[in-house]
Amino acid sequence: MRLSQNPIVILAASLILPPAGLILLWLRKGASVLRKSLGSLAIVIVGFAQLFLLYGMHMEFTGGIRPVFSFQGGERHYRQLEAHRAAFQPVAPAAGSTYWADFRGPGRLGHYDQKPILTDWPAGGLQQVWKQPIGGGYASFTVANGLAFTIEQRRGNEVVAAYDVRTGRERWTHSWRALFQETLGGNGPRATPVWEDGRVYALGAEGELRCLESATGKLIWNKNILADSGAANLNWGMAASPLVVDGKVIVTPGGAHGRSVVAYDKLTGKRVWGSLDDQAAYASPTMATVGGQRQLLVMTAKRAVGLAVEDGRLLWEYPWATEHGINAAQPIAVAANRVFLSSGYGQGAAVLELTPQGDGFQTRVVWANNRMKNKFNSAILHEGYLYGLDDGIMACADVASGELKWKGGRYGYGQLLLASGHLVVLTEEGDVVLVRATPEKHQEVGRFSALKGKTWNIPAISDGLLLVRNEVEMAAFRIAGD
């Protein structure tokens with residue numbers, strides 16, 4: 001009897017090697033097309049189950065909600081990561097500045113002005129200094145005194161790690177049990193740790209806030225901001241990077257009864273003040289002087305607000321609601337008395353003007369349109385123009401009027417920084433692209449492949465090095481001009 005006529009052989013082949021089972025099934029004589037089709041569906045299901053369970057395939061989604069199947073990550077990746085770290089040899093401490101010690105750099109503006117960068121890239125791209133595996137998650141790097149800090153998912157732990165910037169060598173790690181899982185956004189921590197005066201402040205996706213010695217990773221204090229504020233976690237986890245200002249650590253747990261925005265003492269972790277009753281959003285708080293007053297600029301799930309740094313007092317507010325309460329892009333002070341806001345998810349962009357009124361400010365809309373929809377990629381202000389990803393496509397708009405100057409270049413839901421009059425773009429596919437920051441036209445002047453796989457993490461630049469990472473890889477490239 002031919003093998004294709006034996007149902008047991010077909011079943012065995014389908015379980016061991018599903019493609020062979022499919023071939024044998026369709027070679028079988030006498031079976032109806034309907035039975036073969038139903039059998040094929042069952043074999044395909046078995047095949048996919050094997051890919052997921054035996055070969056480490058997993059499904060994730062791009063920023064455009066397109067499913068992507070990948071063999072990156074999973075158990076095999078963790079084994080590679082652990083073997084790589086185990087092979088590390090001790091290195092002498094590196095020297096370095098504290099220039100990029102905050103999320104998105106100085107002032108959280110995404111500007112790199114420390115030294116000129118190369119703007120004429122070789123055909124093969126920037127010189128790679130090192131590349132290696134990394135744990136999961138979507139945090140960026142901050143850099144201080146020769147160490148690059150980030151937070152990762154390694155198996156069932158969230159891990160704050162410090163790496164030697166020159167070599168990529170792991171200097172220390174600090175971990176705790178936590179595993180945030182979410183199908184659309186992906187697993188792992190989101191918020192970038194920040195450095196301030198010899199300490200690292202790191203926030204996990206489930207609300208665990210820890211203050212660590214930056215040289216050793218030793219725990220100084222910890223607090224779960226969700227439990228402390230009686231708040232439920234967000235659908236896509238805690239993503240806002242802590243802000244350290246005036247001796248306080250500002251976080252956004254989103255609790256009720258004055259616990260939406262909370263300030264802790266940076267040395268002890270004691271709560272200093274709480275403010276608002278709003279559900280949290282995903283954008284990180286920032287500090288700016290607007291209307292002549294230093295203030296916190298905060299996006300909640302339903303509005304933009306300005307808060308007094310000293311006590312969290314509400315100075316102004318403006319309604320800013322989106323689908324699912326997703327406000328993820330940073331508010332930007334764009335003039336002495338103006339603030340730029342942008343979101344995707346059915347919103348758009350606007351510039352508000354703040355006018356002193358009593359103990360706070362009155363707001364007026366200068367312009368509003370849907371030409372700069374920053375989904376979870378913050379815009380950059382440069383010489384009177386805004387540059388950002390409008391639902392994945394690069395756009396340039398006049399900050400004074402909102403007029404769209406150009407739109408071009410599909411980079412997906414990547415991220416961008418400004419350096420030497422150029423935009424350094426890390427695309428959703430892991431390419432690094434150099435685009436001229438000019439209102440005249442979209443002009444791409446360099447590109448190379450830096451990482452493999454979905455890349456939502458914001459790049460960092462410090463002491464002439466470009467640092468990039470995603471869920472599985474991290475790398476450093478020499479971007480300094482000299």
Side-chain angles (χ1 to χ4, degrees), residues 97-117 119 138-144 148-150 190-195 239-243 282-288 297 299 327-335 338-344 349 351 372-390 392 394-397 399 409 411-428 432-439 450 455-469 477 479:
S97 71
T98 59
Y99 176 79
W100 202 271
D102 203 358
F103 173 60
R104 299 183 74 232
R108 304 198 161 188
L109 297 174
H111 289 212
Y112 175 74
D113 299 318
Q114 190 180 24
K115 58 178 68 176
I117 69 163
T119 56
Y138 300 116
S140 179
F141 293 99
T142 48
V143 184
F149 307 98
T150 192
R190 282 95 159 98
T192 301
V194 299
W195 180 95
S241 185
L243 173 68
Y282 301 90
S284 301
T286 188
M287 201 273 292
L297 303 181
M299 302 297 297
N327 287 318
Q330 300 300 116
I332 304 172
V334 294
R338 293 184 177 184
V339 175
F340 169 75
L341 310 175
S342 182
S343 295
V351 165
M372 184 67 77
K373 302 178 292 296
N374 299 149
K375 192 170 183 179
F376 48 84
N377 338 75
S378 300
I380 297 290
L381 177 66
H382 177 57
E383 296 182 348
Y385 295 93
L386 291 161
Y387 300 88
L389 292 168
D390 177 29
M394 185 68 72
C396 171
V399 72
Y411 304 116
Y413 295 93
Q415 304 285 351
L416 66 153
L417 303 175
L418 176 80
S420 298
H422 289 71
L423 305 171
V424 180
V425 185
L426 181 58
T427 75
E428 189 174 28
V432 174
V433 184
L434 191 66
V435 178
R436 285 192 62 208
T438 171
T455 303
W456 287 352
N457 310 62
I458 299 172
I461 309 177
S462 181
D463 298 321
L465 287 181
L466 170 67
L467 301 175
V468 296
R469 65 158 292 193
F477 299 90
I479 198 171

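Remember, it's a predicted structure, so these values are computed and weren't measured experimentally.
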**Partners passing salt bridge (charged side-chain N to carboxylate O under 4.0 Å, His left out) against D102 (at least two apart in sequence or in another chain)** = R108
**Prompt:** Atom CG of L423 and atom CG of L418: how far apart are they, to the nearest 0.5 Å?
**Reply:** 6.0 Å
**Item:** Contacts of L465 that satisfy side chain to side chain contact (heavy atoms under 4.5 Å, CB included) - sequence neighbours left out
**Value:** V129, V165, R478
**Message:** Which residues pass the side chain to side chain contact (heavy atoms under 4.5 Å, CB included) test with A240, not counting sequence neighbours?
**Reply:** T252, S284, P285
**Prompt:** Got a second to check how far T438's OG1 is from Y387's OH, nearest 0.5 Å?
**Reply:** 5.5 Å
**Asked** Do any N or O atoms from the side chain of N377 and from the backbone of G388 form a donor-acceptor pair under 3.5 angstrom?
**Response** no
**Asked** Under the side chain to side chain donor-acceptor pair (under 3.5 Å) test, which residues partner T119, sequence neighbours left out?
**Response** none
**Prompt:** Once you round to the nearest 0.5 Å, how far does CG of L417 lie from CD1 of I458?
**Reply:** 7.5 Å
**Asked** Who passes side chain to side chain donor-acceptor pair (under 3.5 Å) against S241, sequence neighbours left out?
**Response** none
**Prompt:** Side-chain contact, heavy-atom cut-off 4.5 Å: E428 with T455?
**Reply:** no
**Message:** Taking P116's backbone N and O only, do any of them form a donor-acceptor pair with S420's side chain (distance below 3.5 Å, no angle check)?
**Reply:** no
**Message:** Holding to side chain to side chain contact (heavy atoms under 4.5 Å, CB included), I want the full list of residues that pass it with N327, two or more places apart in sequence or in another chain.
**Reply:** A281, M299, W320, T322, S343
**Asked** Side chains of W456 and F376: does their closest heavy-atom pair fall under 4.5 Å?
**Response** yes
**Message:** Within the 4.5 Å heavy-atom criterion, are V424 and I479 side-chain neighbours or not?
**Reply:** yes
**Message:** I need the W100 CH2 to I461 CD1 distance, nearest 0.5 Å.
**Reply:** 5.5 Å
**Item:** Set of residues satisfying side chain to side chain contact (heavy atoms under 4.5 Å, CB included) with respect to N374, sequence neighbours excluded
**Value:** A329, F340, S342, M372, A379
**Asked** Taking all atoms of both residues into account, what is the closest heavy-atom pair of Q330 and S378, and its distance?
**Response** N-OG, 2.9 Å
**Prompt:** Does the side chain of V435 reach to within under 4.5 Å of the side chain of Y411, using non-hydrogen atoms?
**Reply:** yes
**Asked** Heavy-atom distance under 4.5 Å between the side chains of F141 and N457, does that happen here?
**Response** no
**Item:** side chain to side chain donor-acceptor pair (under 3.5 Å) involving Y112 - partner list, sequence neighbours excluded
**Value:** Q114
**Asked** Nearest heavy-atom pair of P331 and V339: which atoms, and what distance?
**Response** CB-CG1, 4.3 Å
**Prompt:** About how many Å separate CD1 of I380 and CZ of R104, when rounded to the nearest 0.5 Å?
**Reply:** 4.5 Å
**Request:** For W195, check side chain to side chain donor-acceptor pair (under 3.5 Å) against everything at least two apart and list the hits.
**Result:** S214
**Request:** Ignoring hydrogens and angles, tell me if any N or O in the side chain of H111 forms a donor-acceptor pair with the backbone of L381 under 3.5 Å.
**Result:** yes
**Fill in**
For A450 and V432 the tightest heavy-atom approach is CB-CG2, 3.6 Å
**Prompt:** Looking only at heavy atoms, what is the nearest atom pair of L389 and Q415, with distance?
**Reply:** CD1-N, 4.3 Å
**Message:** To check you understand the geometry: which heavy-atom pair defines the closest contact between T150 and S140, and what is its length?
**Reply:** OG1-O, 2.9 Å
**Distance, nearest 0.5 Å, that separates OG1 of T286 from CG of L243** = 6.5 Å
